[in-house]
Amino acid sequence: MTNRTFQGFSRDTVSFFHELEENNERAWFEANRERYQLEVVQPAQTFVLAMNEPLHSVYPGLQADPRPNGTGSIFRIHRDTRFSRDKRPYKTNLGIFFWHGWPGKRERPGYYVHLEGNSLALYCGLYEFSSEKLLNYRRAVADPKRGARLITAIETIQSAGAYTLGGHHYKRIPRGFEVPEERAELICFNTLYTMLETPIPAEFFSSRLVDYCIDHFTAMRPLLQWLVEEMMM
C-alpha cells in the first residue's frame with residue numbers, strides 16, 4: 001500500500017473506466033493491471049486514509065479501511081457473474097464505502113462515493129435491509145416520535161442542497177402498519193438513502209476532494225444519525 005499523501009485522482013482514473021467499458025474482458029484488464037493499480041487502487045487507498053480523521057468529526061464510529069478488493073472500504077472490481085446473465089467480468093465504476101460500526105460493513109449505514117462515466121455520486125444511508133432490519137425500519141417509521149424525526153432529518157438535508165431521497169419501495173403500505181400521509185411512502189421503502197450526483201467536480205483531481213466529500217457528508221449527517229440511533233441500537 002502506498003504511503004503517499006492524497007493529491008487527488010488523475011484524469012487517467014476516469015479514462016481507465018471509460019476504456020474498460022469498451023473493453024470489458026480479461027485480456028484487456030490483464031494488459032492494464034499495472035495501470036489499474038497505479039491510477040485507481042493506489043489513489044483510492046490514499047483517499048481513504050485521508051478521509052479517516054475528518055470522518056470522525058462528521059459522526060463518531062465511521063470506518064475508513066484502505067484494504068482493497070472488497071475487504072475494506074474499496075469495492076472489488078470483479079463482478080460476481082455466477083447467477084447473472086451479464087457475464088462481463090469487471091465493474092466499470094469505482095466504489096468506496098465508509099461504514100458506521102465495527103466489525104464488518106455488511107448491513108451497516110454509512111457514506112458511499114461512486115465514480116462512473118462522467119459522474120460522481122455521494123450517498124448516505126443503508127442500502128441493504130435484511131428482513132430483521134426491514135421490520136425495525138417499518139416500526140421506526142410508524143412510531144410517531146421516531147417517524148417524525150425521520151421526516152425532520154430528510155427535510156433538513158433537502159433544505160441544505162440538491163440532495164435527493166432514494167429507496168426501492170413496495171406499492172402498498174405493509175400489512176399491520178398505519179401511518180399518516182406524510183410517512184406513507186417512506187414505510188414502503190426497503191432501502192433508504194440520500195444522494196448527490198453531479199458531473200465530476202474539479203475537486204476530484206486534487207486534495208480538495210476530501211473537503212468536498214466531508215462538506216456534503218456533513219449536510220447528509222441527519223439521515224446517518226437517524227439510522228444509527230433509531231435502527232441500529
Side-chain angles (χ1 to χ4, degrees), residues 55 58-59 61-63 65 70 72-76 79-80 83-84 86 91-116 119-143 146-158 160-198 213 216-233:
L55 280 169
V58 176
Y59 197 85
L62 287 166
Q63 308 298 324
D65 185 337
S73 291
I74 305 165
F75 279 70
R76 67 197 301 266
R79 296 181 63 250
D80 185 352
F83 308 108
S84 174
D86 184 353
K91 300 173 185 174
T92 56
N93 65 270
L94 172 63
I96 300 173
F97 184 46
F98 306 105
W99 68 94
H100 180 273
W102 194 266
K105 62 185 178 182
R106 185 172 175 80
E107 296 183 15
R108 302 298 304 182
Y111 293 108
Y112 177 63
V113 180
H114 184 93
L115 170 72
E116 186 164 10
S119 298
L120 183 71
L122 304 181
Y123 293 78
C124 172
L126 179 59
Y127 191 71
E128 184 178 3
F129 284 179
S130 64
S131 56
E132 179 183 2
K133 282 189 170 57
L134 180 59
L135 180 58
N136 289 344
Y137 170 74
R138 288 172 173 174
R139 287 172 173 168
V141 173
D143 181 84
R146 298 160 74 195
R149 283 195 285 269
L150 176 56
I151 294 292
T152 299
I154 293 169
E155 290 176 346
T156 300
I157 294 169
Q158 292 179 335
Y163 304 105
T164 59
L165 186 69
H168 303 295
H169 60 277
Y170 302 102
K171 293 183 179 180
R172 297 181 179 87
I173 293 175
R175 187 174 301 174
F177 290 91
E178 294 184 6
V179 293
E181 183 178 353
E182 64 267 22
R183 281 179 269 143
E185 182 179 9
L186 285 171
I187 204 168
C188 294
F189 283 20
N190 66 358
T191 181
L192 180 65
Y193 59 88
T194 187
M195 66 169 290
L196 175 73
E197 183 175 8
T198 67
C213 291
H216 287 296
F217 288 168
T218 300
M220 297 175 177
R221 181 184 186 276
L223 182 59
L224 178 69
Q225 182 174 357
W226 186 88
L227 287 166
V228 172
E229 296 181 0
E230 304 297 348
M231 279 192 60
M232 310 304 293
M233 304 302 288

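Not measured: the values here are computed from a predicted model.
Rounding to the nearest 0.5 Å gives a distance of 6.5 Å between CZ of R108 and NZ of K133. To the nearest 0.5 Å, atoms CG (L196) and OG (S119) are separated by 10.5 Å. To the nearest 0.5 Å, the span separating CZ on R146 from CH2 on W226 amounts to 7.0 Å. From S130, atom OG reaches atom CG of L135 across 9.5 Å, with rounding to the nearest 0.5 Å. Separating the CD atom in E230 from the CZ atom in R149 is a distance of 4.5 Å, to the nearest 0.5 Å. To the nearest 0.5 Å, atoms CG (L122) and OG1 (T198) are separated by 7.0 Å.
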Evaluation steps, side-chain contact (heavy atoms from CB on, under 4.5 Å), between Y112 and M195
CA-CA 9 Å; Y112 177 63; M195 66 169 290; over 6 Å; no

Given the rule in the side-chain contact (heavy atoms from CB on, under 4.5 Å) test, do T92 and E116 qualify, once you have shown the distances and angles that lead to the verdict?
CA-CA 7 Å; T92 56; E116 186 164 10; 3.9 Å; yes

If you apply the rule side-chain contact (heavy atoms from CB on, under 4.5 Å), what do you find for T218 with V58, and how did you get there?
CA-CA 6 Å; T218 300; V58 176; 3.7 Å; yes

Please assess Q63 against F98 for the test side-chain contact (heavy atoms from CB on, under 4.5 Å), listing each intermediate value before the final yes or no.
CA-CA 5 Å; Q63 308 298 324; F98 306 105; over 6 Å; no

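Surrounding CZ of F75 are more than 12 heavy atoms belonging to other residues, nucleotides or ligands, all under 6.0 Å away. Surrounding CD of E178 are at most 12 heavy atoms belonging to other residues, nucleotides or ligands under 6.0 Å away.
Proximity of L115 to N93: side-chain heavy atoms (C-beta onward) are nowhere separated by under 4.5 Å. Side-chain contact between L126 and L192: absent, with no pair of heavy atoms (C-beta onward) separated by less than 4.5 Å. For the pair I154/L186, a side-chain contact is recorded, criterion being any heavy-atom separation below 4.5 Å from C-beta on. Looking at C188 and K171, their side chains never come closer than 4.5 Å, going by heavy atoms from C-beta outward. Side-chain contact between V113 and F97 is absent, with no heavy-atom pair separated by less than 4.5 Å. Looking only at side-chain heavy atoms (C-beta outward), L120 and E197 stay at 4.5 Å or farther from each other.
Annotation for C124 and L223: closest pair O-CD2, 3.5 Å, computed over non-hydrogen atoms. Nearest heavy-atom pair, A219 versus Y163, reported as atom, atom and distance to 0.1 Å: CB-OH, 3.4 Å. Shortest non-hydrogen contact noted between N136 and M231 is ND2-O, 4.1 Å. The two residues R183 and D143 have their closest heavy-atom pair at NH1-O, 3.4 Å.
Ring pair Y127/Y193 is tilted by interplanar angle, where 30° to 60° counts as tilted.
By the side chain to side chain contact (heavy atoms under 4.5 Å, CB included) test, E128 is found to be paired with R106, residues two or more places apart in sequence or in another chain being considered. When the side chain to side chain contact (heavy atoms under 4.5 Å, CB included) test is applied to Y59, the partners found at least two apart in sequence or on another chain are L62, H100, R221, L224, Q225, V228, E229. For Y137, the ring-ring contact (aromatic ring centres under 6.0 Å, His included) partners two or more places apart in sequence, or in a different chain, are F129.
Of the possible polar contacts, one joining the T194 side chain to the T164 backbone as a donor-acceptor pair under 3.5 Å is found.
Between the side chains of Y111 and H216, no donor-acceptor pair is found at a separation under 3.5 Å.
Under the 4.0 Å criterion applied to side-chain N and carboxylate O atoms, D86 and R79 are assigned as salt-bridge partners.
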